[in-house]
Enquirer: 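Structure in structure tokens, see below.
Given the structure is predicted, the values throughout are model-derived calculations rather than measurements. Nothing fancy with the numbering, it's 1 onward along the sequence.
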Amino acid sequence: NFDHRGASFRVDLPKFGIASLGLAASKRQTDGWAKNFTGSDLGAIEADFVNVSAKLDFTDNFRADYNFIYSSSDGTPNVQSIYALDGWIGTFPSVFGPLIGGAIEDAYAPYVTTSRPDRASTNGPNISDRKDLFHALTLSYEISEHDSVKYIGSHRRHDDIGALDIDGTPLVSIMPAPGLTWGLLTDYQNRRYYNQSSHELQWVGERGRFNYVLGLYYFKDDGEHDSSQNFNLFGAQPLRGDFGVATRAEAVFGQADYH
């Protein structure tokens, strides 16, 4: 991989006042595996990561713990290429007939390679991006020597998009015969996002040889997946597949132990 470089650090700061902080970050970059003459270079990555953690001791019996994480990666997929013009199902002429199949073979023949190329030309999208965001908060309050209340909350968001030109060539279509055009596109694109949140409230205590916890819990999430593909090389029309999900859940719980 060309010009792969990165840096990272972590530091835990001395406690000042009521706060204790920890910081971490990293960055990674690479120029990728192959020069792409018709778009972004392939296999390139630019990734970032940030983490902040904090503990706040407001009083002797009231405390907060917080954690934040952010990560992102913007790049392109690794280079794709044509390894051979025949496969387990046969050849292009055996599948599409001698006219169309022979024309497909003639068009793809200059792009066949049995080693990983360091140069390419593509005509489809080549994207590999993702982002994640996470928050978590815990609040603890000691009511007495035997009882305490705790809140636990978190939120997460995820976004990613992936797109790939599978054949790794700039070919769009061919004309096997006058008036007959046959497509050569083989690309797809997926986009996803997801949100998740949860909240939990606990009463934790002990009485003699009994330990117990009572609590409330709430959870929700939602997300979407959008997908498109164009494989007109196989005579197919462009397709889309989009769907979404959502969940809501509530619970009351309790547990007691005797020892």
Enquirer: Could you work out, with ring pair (Phe, Tyr, Trp, His ring centres under 6.0 Å) as the rule, every residue matching F234, not counting sequence neighbours?
Expert: none
Enquirer: How far does CZ of R130 sit from OG of S71, to the nearest 0.5 angstrom?
Expert: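 Here the rounded value is 6.5 Å.
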Enquirer: Sequence neighbours excluded, which residues qualify as ring pair (Phe, Tyr, Trp, His ring centres under 6.0 Å) partners of F62?
Expert: F58
Enquirer: For Y193, which residues count as a ring pair (Phe, Tyr, Trp, His ring centres under 6.0 Å) partner, sequence neighbours excluded?
Expert: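 Residues passing ring pair (Phe, Tyr, Trp, His ring centres under 6.0 Å) with Y193: none at all.
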Enquirer: If hydrophobic residues (ILVMFWY) are linked whenever their side-chain heavy atoms come closer than 4.5 Å, directly or via other members, who joins Y217 in its cluster?
Expert: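 When side chains under 4.5 Å apart are linked, the cluster holding Y217 also contains Y194, V204, V213, F219, F253.
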Enquirer: Would L171 and I166 show up in the same hydrophobic cluster when neighbours are defined by side-chain heavy atoms closer than 4.5 Å?
Expert: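 Yes, because L171 and I166 connect within a single hydrophobic cluster, where side-chain heavy atoms sit under 4.5 Å apart.
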Enquirer: Considering only residues two or more places apart or on different chains, which pairs with a residue in residues 245-254 satisfy side-chain hydrogen bond (donor to acceptor under 3.5 Å, both in side chains)?
Expert: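 Every pair satisfying side-chain hydrogen bond (donor to acceptor under 3.5 Å, both in side chains) with a residue in residues 245-254: D221-T247.
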Enquirer: Checking Y258 now: which residues fulfil side chain to side chain contact (heavy atoms under 4.5 Å, CB included) with it, not counting sequence neighbours?
Expert: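 With neighbours one apart ignored, the set is R209, F210.
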Enquirer: Tell me which donor-acceptor pairs under 3.5 Å the side chains of residues 85-103 have, and how far apart each pair is, sequence neighbours excluded?
Expert:
from	atom 1	to	atom 2	distance (Å)
T91	OG1	S94	N	3.2
T91	OG1	S94	OG	3.3
S94	OG	T91	N	2.8
S94	OG	T91	O	2.8

Enquirer: How far does CG of L233 sit from OG1 of T186, to the nearest 0.5 angstrom?
Expert: 6.5 Å
Enquirer: List in chain and number order the residues that pass side chain to side chain contact (heavy atoms under 4.5 Å, CB included) with S173, two or more places apart in sequence or in another chain; answer none if no residue qualifies.
Expert: T181
Enquirer: Within this structure, what is the CD1-CG distance for the pair I161 and N190, rounded to the nearest 0.5 Å?
Expert: 9.0 Å
Enquirer: Could you list the residues that satisfy ring pair (Phe, Tyr, Trp, His ring centres under 6.0 Å) with H155, not counting sequence neighbours?
Expert: none
Enquirer: Got a sec, which hydrophobics cluster with V252, joining ILVMFWY side chains under 4.5 Å apart, including via others?
Expert: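 V252 clusters with L216.
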Enquirer: Can you list, by chain and residue number, the hydrophobic cluster partners of F134 when the side-chain cut-off is 4.5 Å?
Expert: F49, I69
Enquirer: Just grab all the salt bridge (charged side-chain N to carboxylate O under 4.0 Å, His left out) pairs involving residues 43-68, residues at least two apart or on different chains.
Expert: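 Passing the test, one end in residues 43-68: K15-D57, K27-E46, K27-D48, R63-D65.
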